[in-house]
Amino acid sequence: MEESAVATSNGSPSPPFKHLHTREYLGHKKKVHSVAWNCTGKRLASGSVDQTARIWHIELHGSNKAKDMELKGHTDSVDQLCWDPKHADLLATASGDKTVRLWDARTGKCSQQVELSGENINITFKPDGSHIAVGNRDDELTIIDVRKFKAIHKRKFGYEVNEIAWNTTGELFFLTTGNGTVEVLAYPSLQTLHTLVAHTAGCYCIAIDPSGKYFAVGSADALVSLWDVSEMLCARTFTKLEWPVRTISFNYDGQYIASASEDLFIDISEVETGRSIYQIPCRAAMNSVEWNPKYNLLAFAADDKNKYQADEGVFRVFGFESP
């Protein structure tokens with residue numbers, strides 16, 4: 001017999017995450033560093049240490065079979081990737097081989113590429129799809145004009161830059177730093193507007209709430225802080241994890257936030273109350289979590305090993321009604 005949904009503080013039932021299932025997707029030969037859904041929520045891309053990315057057609061309401069397409073061309077690890085927010089078929093990948101590539105998901109072909117100055121570890125699209133920001137291991141930020149696929153701005157920072165993001169309007173640009181701060185820059189001038197002292201240890205990851213009201217920051221102090229964009233004030237913190245927070249994501253309506261670390265679970269908490277409502281068990285330190293933009297499906301990738309201690313090369317998606 002199914003248990004009834006748990007009532008939240010405002011009396012409405014919370015979704016019964018406990019009855020949902022996780023599916024596993026195997027294709028990469030080495031560990032998966034990054035997972036990302038396209039804007040329609042029908043395709044998922046994965047980037048791996050095996051120097052490839054893959055595009056998967058995930059059956060949202062059907063079988064657990066998934067057609068996938070391999071994207072070959074990079075000569076080093078594909079550390080991060082992101083989809084064009086306005087174009088369901090365009091995927092950008094950032095690699096340690098110093099290149100950024102744009103792929104057409106219909107053909108699996110690389111349509112554009114640009115070589116930058118260092119090993120690329122971060123990549124994000126401006127919400128209107130016009131620019132891509134790339135961060136490398138040397139704390140250098142490059143802005144790429146997507147139409148020309150050329151670097152139009154470079155800036156090197158004198159501190160550790162971890163993750164980068166635009167706000168939903170594209171007017172603000174955020175950097176999380178090793179100093180425990182979030183630098184808020186005006187865009188496109190990249191002039192500093194605010195330095196937020198967010199955490200007592202390095203800030204690793206950042207996520208923007210889809211409504212544009214909040215952003216969240218994950219830190220080496222094992223906390224996730226939630227910030228009001230209009231006031232630049234911390235609204236609350238999420239405290240369930242015990243290890244440095246590596247990756248965070250808001251769900252499609254901004255009601256939930258997923259956060260993950262080296263703890264052997266992914267935490268799902270309510271954004272407005274800060275209450276932890278579900279943990280997805282996992283077996284290894286997490287590299288990437290990302291909610292689907294249309295449904296409560298959470299993709300995640302970790303440092304999974306098989307029984308021979310070799311990389312498993314899998315990612316998983318939680319939220320299906322059947323296994």
Side-chain angles (χ1 to χ4, degrees), residues 23-60 64-74 76-97 99-113 120-127 129 132-135 144 146 149 163-165 205 207 247-249 251-252 258 260 286-295 297-302 304 311-319:
R23 293 179 183 175
E24 187 173 283
Y25 299 90
L26 179 61
H28 288 287
K29 297 177 181 68
K30 293 188 176 171
K31 70 182 172 187
V32 178
H33 261 176
S34 181
V35 285
W37 298 95
N38 75 345
C39 59
T40 62
K42 292 182 177 168
R43 287 198 186 110
L44 187 132
S46 54
S48 168
V49 178
D50 70 10
Q51 305 182 359
T52 71
R54 284 177 181 262
I55 293 172
W56 306 75
H57 289 261
I58 306 281
E59 287 282 339
L60 302 178
N64 58 4
K65 301 275 186 293
K67 296 200 293 283
D68 73 307
M69 177 190 290
E70 189 175 51
L71 309 182
K72 285 177 162 172
H74 281 297
D76 202 339
S77 175
V78 179
D79 279 336
Q80 212 174 33
L81 39 73
C82 60
W83 292 88
D84 185 321
K86 301 291 186 191
H87 198 308
D89 299 312
L90 292 182
L91 175 75
T93 54
S95 168
D97 67 10
T99 68
V100 171
R101 296 178 185 232
L102 197 64
W103 306 81
D104 187 321
R106 294 161 295 197
T107 63
K109 299 279 190 291
C110 173
S111 57
Q112 302 272 12
Q113 76 176 71
N120 304 310
I121 53 172
N122 269 310
I123 188 165
T124 187
F125 261 97
K126 190 163 175 248
I132 293 172
V134 184
I144 295 169
V146 173
F149 224 71
E163 209 163 71
I164 52 180
C205 48
T247 174
I248 53 181
S249 178
N251 82 322
Y252 71 95
M286 199 57 55
N287 295 321
S288 180
V289 297
E290 186 163 298
W291 287 100
N292 184 293
K294 308 282 185 192
Y295 308 97
L297 291 173
L298 184 74
F300 58 97
D304 287 297
D311 285 353
E312 267 198 321
V314 301
F315 69 88
R316 295 176 177 84
V317 179
F318 168 80

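All residue numbers refer to positions in the sequence shown, counting from 1. Since the model is a prediction, treat every value here as computed from it, not as a measurement.
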**Student:** Between Asp76 (side chain only) and Ser95 (backbone N and O only), is there a donor and an acceptor less than 3.5 Å apart?
**Tutor:** no

**Student:** Any donor and acceptor pair, going by atom type alone, linking the side chain of Asp311 with main-chain N or O of Lys30 inside 3.5 Å?
**Tutor:** no

**Student:** Do the rings of Tyr25 and Phe315 sit parallel, tilted or perpendicular, given the 30° and 60° boundaries?
**Tutor:** parallel

**Student:** Out of the candidates Arg43, Arg106, Glu70, only one should pair with Ile55 under the side chain to side chain contact (heavy atoms under 4.5 Å, CB included) rule; please name it.
**Tutor:** Arg43

**Student:** Provide the closest heavy-atom pair for Ala88 versus Asn38 in the form atom of the first, atom of the second, distance.
**Tutor:** O-ND2, 3.0 Å

**Student:** Hey, could you give me the CG/NE2 distance between Asp79 and His74, rounded to the nearest 0.5 Å?
**Tutor:** 10.0 Å

**Student:** List the atom of Ala207, the atom of Ser249, and the distance in Å for their closest heavy-atom pair.
**Tutor:** CB-CA, 4.2 Å

**Student:** Quick one, Val289 and Phe318 - any side-chain contact, counting heavy atoms below 4.5 Å?
**Tutor:** no

**Student:** Looking only at atom types and distance, does a side-chain atom of Ser77 sit under 3.5 Å from a main-chain N or O of Gln51, one as donor and one as acceptor?
**Tutor:** no

**Student:** What are the two closest non-hydrogen atoms of Cys39 and Lys294, and how far apart are they?
**Tutor:** O-CE, 3.5 Å

**Student:** Check whether any side-chain N or O of Thr247 sits under 3.5 Å from a backbone N or O of Ala260 as a donor-acceptor pair, and report yes or no.
**Tutor:** no

**Student:** According to ring pair (Phe, Tyr, Trp, His ring centres under 6.0 Å), who are the partners of Phe149, at least two apart in sequence or on a separate chain?
**Tutor:** none

**Student:** Would you say Asn120's side chain and Thr99's backbone share a donor-acceptor pair under 3.5 angstrom?
**Tutor:** yes

**Student:** Is Ser288 reaching over with its side chain to a backbone N or O of Ala301, donor-acceptor style, under 3.5 angstrom?
**Tutor:** no

**Student:** Can a side-chain donor-acceptor contact be found between Asn287 and His33 if the only test is distance below 3.5 angstrom?
**Tutor:** no

**Student:** Look up atom OG in Ser34 and atom CD in Gln80, then write down how far apart they are to the nearest 0.5 Å.
**Tutor:** 5.0 Å

**Student:** Does any N or O in the side chain of Asp50 come within less than 3.5 Å of the main-chain N or O of Lys29, such that one atom is a donor and the other an acceptor?
**Tutor:** yes

**Student:** Give me the atom names and distance for the closest heavy-atom approach of Leu81 to Val35.
**Tutor:** CD1-C, 4.3 Å

**Student:** Do the side chains of Phe125 and Val146 get nearer than 4.5 Å, heavy atoms only?
**Tutor:** yes

**Student:** Say you draw a straight line from CD1 of Ile58 to NZ of Lys42; how long is it, rounded to the nearest 0.5 Å?
**Tutor:** 13.5 Å

**Student:** Tell me, do Asp304 and Arg316 make a side-chain contact under 4.5 Å, heavy atoms counted?
**Tutor:** yes

**Student:** With rounding to the nearest 0.5 Å, note down the distance linking CG in Leu91 to CG in Leu71.
**Tutor:** 6.5 Å

**Student:** Answer yes or no: is there a donor N or O on one side and an acceptor on the other, between the side chain of Asn292 and the main chain of Gly41, under 3.5 Å?
**Tutor:** yes

**Student:** Mark yes or no for whether Asp84, through its side chain, and Lys86, through its backbone, hold a donor-acceptor pair below 3.5 Å.
**Tutor:** yes

